[in-house]
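Below: the structure, in structure tokens.
Just so we're clear, the structure is a prediction, and the values are computed from it rather than from any experiment. Proteins come first, then strands; the chains are lettered A, B, ... in the order of their sequence lines, and each starts at number 1.
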2 protein chains.
Amino acid sequence: MASMKDVARMADVSISTVSRVISNTIPVDPGTRRRVERAIKSTGYKPNLMARGLRIKSANLVGMLVPEIRTTSFSTLIEFVEESVEALGYNLLLGGTGGDPDREERFFENLTRRHIDGIIVSLVSDRSHLMRLIDRTDVPVVIVDRPFDRKDLPTVVMDNFRAGQMAGEHLLSLGHEKFACVTGDRDITIVRARLDGFRDALGKSGIALDENAITEGHFQYESGVKGVDTLLDRGVKFTALWAQNDISAIGALNRLRERGYRVPGDISLMGLDNVDDSWMARPALTTIAQPYKEIAAAAAELLLKLSRKEDIEETRIVLQPSLVIRESTGPVSS
Amino acid sequence: MASMKDVARMADVSISTVSRVISNTIPVDPGTRRRVERAIKSTGYKPNLMARGLRIKSANLVGMLVPEIRTTSFSTLIEFVEESVEALGYNLLLGGTGGDPDREERFFENLTRRHIDGIIVSLVSDRSHLMRLIDRTDVPVVIVDRPFDRKDLPTVVMDNFRAGQMAGEHLLSLGHEKFACVTGDRDITIVRARLDGFRDALGKSGIALDENAITEGHFQYESGVKGVDTLLDRGVKFTALWAQNDISAIGALNRLRERGYRVPGDISLMGLDNVDDSWMARPALTTIAQPYKEIAAAAAELLLKLSRKEDIEETRIVLQPSLVIRESTGPVSS
DNA sequence: TTGAAAGCGCTAACAC
DNA sequence: GTGTTAGCGCTTTCAA
């Protein structure tokens, strides 16, 4: 592989001149520039990113950390983040933690040693061990999808309160009056926000959501299954069920039918996320769509602004959800 | 961040000595070693990976390239690959191509400029533009999941012929005699291998699979949908359908039911992959499981051996599939 | 067993 | 506008 030296020799200039035409920041004589450019082309020279990185202390690399890579909501986010950073000329270093604090720690440490330009993080719980790592490190971090309670951390999220409202409003518009809800862990900020929004919408129609009609889960398939069992066993009467994410909604869907309920005939069901699983389900799931692509793009942009120390108007970006009506919700049966 | 110099000063040795205790390759006086180790601990020193990388021309980094990140089979593979390389002390640089040759090219180029230690690649088609990139680069590449026809490239795959056989055998054991198949692109090696295996199993029972009973797809949901339509519109009679991957099987499942067939009552259906979608489907999908975790682990290991230029017995690793019986297959109805 | 010194490939003063 | 030089933080001869 050709180095700057080779190019310099070939164009009969010093290596600093080569560096200058590449960085294109300091004026270079047009004639010399042409010579250098030809030399670059003919040698196929590409700057060595490690050498440059060592010098300028930036690796042209952004990191992303998620609890699980193959969970659809995360893999969707990863896909769009990769797309966004690659479009901005960066590469993506991906890490999964499996919830293991040691792996989280190793990831942060390794990335720091690599002069990473920034890290995008998605979290499971507000209690996360990650908090300390984030506070301790001096590379920019932006939280996506599942932010902490803390307002001071750069964040890109969907408007979860609004999402809850939309779920409520849709169900209400179908004539439902008896509701139930399967939530995520209630110590997660967004879970509470979603629930508050849902209640807010119901409240405007004079309907209160009893604590009894809520079951707490973990955004997993099993959460939906168990949620339905719990609700039914408690004897809660409902014609509309909102599971706070699609995967748990699918669990609920399957369990509901196993227990003899038709969806949406007897019970209308909706989810949140709009991951691929939601349209593949039968009945196809009515859901609230997360603007994944926009979240990813905004996160990448925010992160890189942060790493360039540009001054930022707002480090907390909130994006709007949208309603996707499919087959799992319908008018209340009389 | 502390550098070697800081440690050296503190331990009152030269930086080469520090380097030696870290690399642990050249004998160091036990006393000095202890002093250095204490200095390392107290400064919290961690080697700078860019500097070391520049020097030894290795970044402690492995790359992975897939066509789409959020397709479940890929994200599953990514998760396990990340796990494997991280356990071996490496970080993972992930790239999606979206089928864009320019992105493939940029990815390879960037990684080379980073002194990547190796690249794991999963392909869509044997015709891929990637072929040339792989041949041109001098960093080790191992192909997983969807190998080329070419025998000379390091590869880790499931035994696809055997997988096809297992699908056939299972269906046969249920008494089926009329078969159909939804394949992936037939210019992909593994697609042909799967089909050959399937035919082989049927052949042993004296059953031939007519070309008419085969529809070619692209491993996508829509492939299953269209496959069923094609088969039905052609008037093909079958009681057992094998879709060569789970996602297309789910498409087939949904379409079959839309057109009034019960699964497995009228038609037994099976897939291949055993991704999470397969057990979430209703009826839960009988499928052939890819040993994803083992594939990922073997690929990581092979790749790193290659990069260390160890001599390798066999650069083509074949892993065995397994049958997972769930609800979508049943005895043929009389 | 240890230290001095060169150099990986680049950028950024600084001098001309 | 261009060249010389120092140095980013590390590994690795080469001498001692």
Under 4.0 Å between a side-chain nitrogen and a carboxylate oxygen: does that hold for B/D12 and B/R35? no
Taking all non-hydrogen atoms of both residues into account, name the closest pair between A/K46 and A/M1 and its distance. O-CE, 4.0 Å
Mind running a 4.0 Å heavy-atom check of residues 24-35 of chain A against DNA chain D and sending the residues that fall below it, in number order? A/P27, A/V28, A/D29, A/T32
Main-chain N/O of B/F80 paired to B/S84 side chain as donor or acceptor, under 3.5 Å: yes
Roughly how bent is the helix from C/dT1-D/dA16 to C/dC16-D/dG1 end to end, in steps of 10 degrees, with each end axis from five pairs? 40°
May I ask you to decide if A/S19's main-chain N or O and A/S23's side chain share a donor-acceptor pair within less than 3.5 Å? yes
Provide, to the nearest angstrom, the distance between the CG atom belonging to B/L54 and the P atom belonging to C/dG7. 14 Å
Quiz item: B/R20 side-chain donor-acceptor pair to C/dG3 base, under 3.5 Å: yes
I'd like to know if the side chain of A/N48 pairs up with that of B/R114 as donor and acceptor (distance under 3.5 Å, no hydrogens or angles considered). no
What nucleic acid atoms does B/I56 come within less than 4.0 Å of, heavy atoms only: base, sugar-phosphate, or nothing? sugar-phosphate
What contact category does A/R52 fall into here, base, sugar-phosphate, or nothing, at under 4.0 angstrom with non-hydrogen atoms? sugar-phosphate
Flag, side chain of B/D185 to backbone of B/I188, donor-acceptor distance under 3.5 Å: no
Which residue, A/L303, A/V85, A/I116, forms the side-chain contact (heavy atoms from CB on, under 4.5 Å) with A/Y90? A/V85
Interface residues of residues 2-19 of chain A with DNA chain C (non-hydrogen, below 4.0 angstrom): A/S3, A/M4, A/I15, A/S16, A/S19
What are the 5'-most and 3'-most nucleotides of DNA chain D lying under 4.0 Å from any heavy atom of chain A? D/dG1 to D/dG9
Is any NZ, NE, NH1 or NH2 atom of the basic residue among B/R33 and B/E37 found under 4.0 Å from an Asp or Glu carboxylate oxygen of the other? yes
Any chance you could measure B/L93, atom CG, to B/L61, atom CG, to the nearest 0.5 Å? 5.0 Å
Residues 132-139 of chain A side chain polar contacts: donor-acceptor under 3.5 Å, at least two apart:
residue, atom, partner, partner atom, Å
A/R132, NH2, A/H129, ND1, 3.2
A/D135, OD1, A/R150, NH1, 3.3
A/D135, OD1, A/R150, NH2, 3.0
A/D135, OD2, A/R150, NH1, 2.9
A/T137, OG1, A/V139, N, 3.4

Would you check if the side chain of A/D117 reaches a backbone N or O of A/N60 as a donor-acceptor pair within less than 3.5 Å? yes
Between C/dG9 (P) and A/L49 (CG): distance, integer Å: 13 Å
Who passes side-chain contact (heavy atoms from CB on, under 4.5 Å) against B/E310, sequence neighbours left out? B/K305, B/R308
